[in-house]
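The structure displayed is predicted, hence computed values, not measured ones. Numbered from 1 within each chain, the chains take letters A, B, ... in sequence-line order. Side chains included, hydrogens not; waters and symmetry mates left out as well; all remaining heavy atoms used.
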2 protein chains.
Amino acid sequence: MKRIAESTVRRLSLYLSFLEGIDRQGLKTISSDELARLGGTTSAQVRKDLSLFGSFGKRGLGYSVPELSGKLREILGLGKQWRVCIIGAGKIGAALARYRGFAERGFNVTAVYDSDEAKIGKRWENLTVRPISELEKDATKQDFDIAVVATPAENTPAVVKQVVRAGIKAILNFAPVQLSVPSDVTVRNVNMAMELEGLSFALSNRSE
Amino acid sequence: MKRIAESTVRRLSLYLSFLEGIDRQGLKTISSDELARLGGTTSAQVRKDLSLFGSFGKRGLGYSVPELSGKLREILGLGKQWRVCIIGAGKIGAALARYRGFAERGFNVTAVYDSDEAKIGKRWENLTVRPISELEKDATKQDFDIAVVATPAENTPAVVKQVVRAGIKAILNFAPVQLSVPSDVTVRNVNMAMELEGLSFALSNRSE
DNA sequence: ATTAGTTTGTGAACTAATTCACAAGCGCCA
DNA sequence: TGGCGCTTGTGAATTAGTTCACAAACTAAT
């Protein structure tokens, strides 16, 4: 399959969330034009995005809302259940472990790790914090799909090395560092400082 | 000034964080090549990014670490102090209000708003939760630069309308909806579901 | 059955972003 | 001072992403 741009995947996510809203409103079909309006893009963009995966619409009519939802869910790999471990039992880790939206979408947090002796063994939601040194061994049994890395910047490179050695192929990284991983490991970064600096830049450079 | 791409601004943030690390190690200069290696990009990209704002390097030598840090800070509008209000006194809002990194970088949270009667008046860190209906009035005195929107999806459009009416020109949006704002308002979205779906997509479509 | 009115799917055209590649500048050393 | 080794800054070339524009397909109405 042709390489799909990250921007395309983000838009597919967005379309799916719109479709879920539209579906709740009880509407049965939607046009690329309407979807574009909701997503702040163009109808051609919407059609091009979808056409990368097949042709799901009916000319003159638009797209069936439930059908397109289903297709997008399939394309995005939802429907499957994913096993997620959280690395770093700090504030962000805690917030994430409590986040209901995870499980709703098929992302099941099945373990929490930390390197801090003081935290190991503590109960956490319905999980017990385990030592990061056990990750590689555990992974052979639990077969994690995704690691959420929420560790202090300085520990992160070492932690990520262990995640990679454990054979995990997808990382959601909250640490404010750039991860260096083999090319078969996918990383998404969530970096608050960067977002704020983006706003700061915009505010500082308006109308020049 | 020429329009600067968001991807460029993100990289500038990244370079700055590397420079801060390099500076702590006590190194005085750095080449575009080294910066590129850290950021997972190419040296040409680094130089092109910087050249949009001036020429900060010395041929044969590279860039002075403190000088380039300073320039980047200036470009990104750090150094200034920004007034930030948080809208939505829920879990995300709470985590953000407690986040130390905000103030360190000049982002000062000076108010928290919510529409829930039960929350209004409660103390929160060193702030008191105020009714969102007062935002517009408060803004004339406090002059907020940035609004952090962390409200439930269904309330968000109404909330954002009030933020815009209050004259705030930058929004960091945590709600999983697409905001519709005038073109002079800058929005950055942080959307966990979207990031997870990106990983799910990558896992589902490996090596095709 | 024909026509009018929509809306898709997709090459082609365009625009934006990245990478190449090299002249020019700088420090160091003899 | 001249030559060598490095590294920048930047047009030109390339690659990636978006938008245009239109034939084809579908519905509904007459």
What pair of heavy atoms forms the shortest contact from B/Tyr113 to B/Val129, and how long is it?
C-CG1, 4.3 Å
Heavy atoms only: give me the nearest B/Ser200-A/Gly77 pair and the separation to one decimal.
OG-O, 3.0 Å
To the nearest Å, how far apart are A/Leu50 CG and D/dT18 P?
14 Å
Only pairs at least two apart or in different chains count here, so list each side-chain hydrogen bond (donor to acceptor under 3.5 Å, both in side chains) that has a residue in residues 145-154 of chain B.
B/Thr151-B/Thr156
What is the separation between atom CZ on A/Arg59 and atom P on D/dA24, rounded to the nearest whole Å?
9 Å
What's the spacing between A/Phe107 CZ and A/Arg83 CZ if we round to 0.5 Å?
13.5 Å
A/Asn205 side chain to A/Phe201 main-chain N or O, any donor-acceptor pair under 3.5 Å?
yes
Could you list where the contact with chain A starts and ends along DNA chain C, reading 5' to 3', using a 4.0 Å heavy-atom cut-off?
C/dT6 to C/dA12
Mate of D/dG9 across any strand shown (Watson-Crick or G-U wobble, both atom pairs under 3.5 Å) is C/dC22
Distance in angstrom units between A/Leu52 CG and D/dG17 C1', rounded
11 Å
Would B/Glu20 and B/Arg105 pass as an ion pair if we require N to O under 4.0 Å?
yes
Distance in angstrom units between A/Leu61 CG and D/dC26 P, rounded:
10 Å
Find the distance B/Ile30:CD1 to D/dC6:C1' and express it as a whole number of Å.
15 Å
Can you find a side chain N or O atom of B/Ser31 that sits less than 4.0 Å from OP1 or OP2 on D/dT7?
no
Expected output is a numbered-order residue list: members of residues 36-48 of chain B with a heavy atom under 4.0 Å from any atom of DNA chain C. What is it?
B/Thr42, B/Ala44, B/Gln45, B/Arg47, B/Lys48
Are B/Phe18 and B/Tyr15 near enough that their ring centres are under 6.0 Å apart?
no
Keeping B/Asn173 on the side-chain end and B/Ala175 on the backbone end, is there a donor-acceptor pair under 3.5 Å?
yes
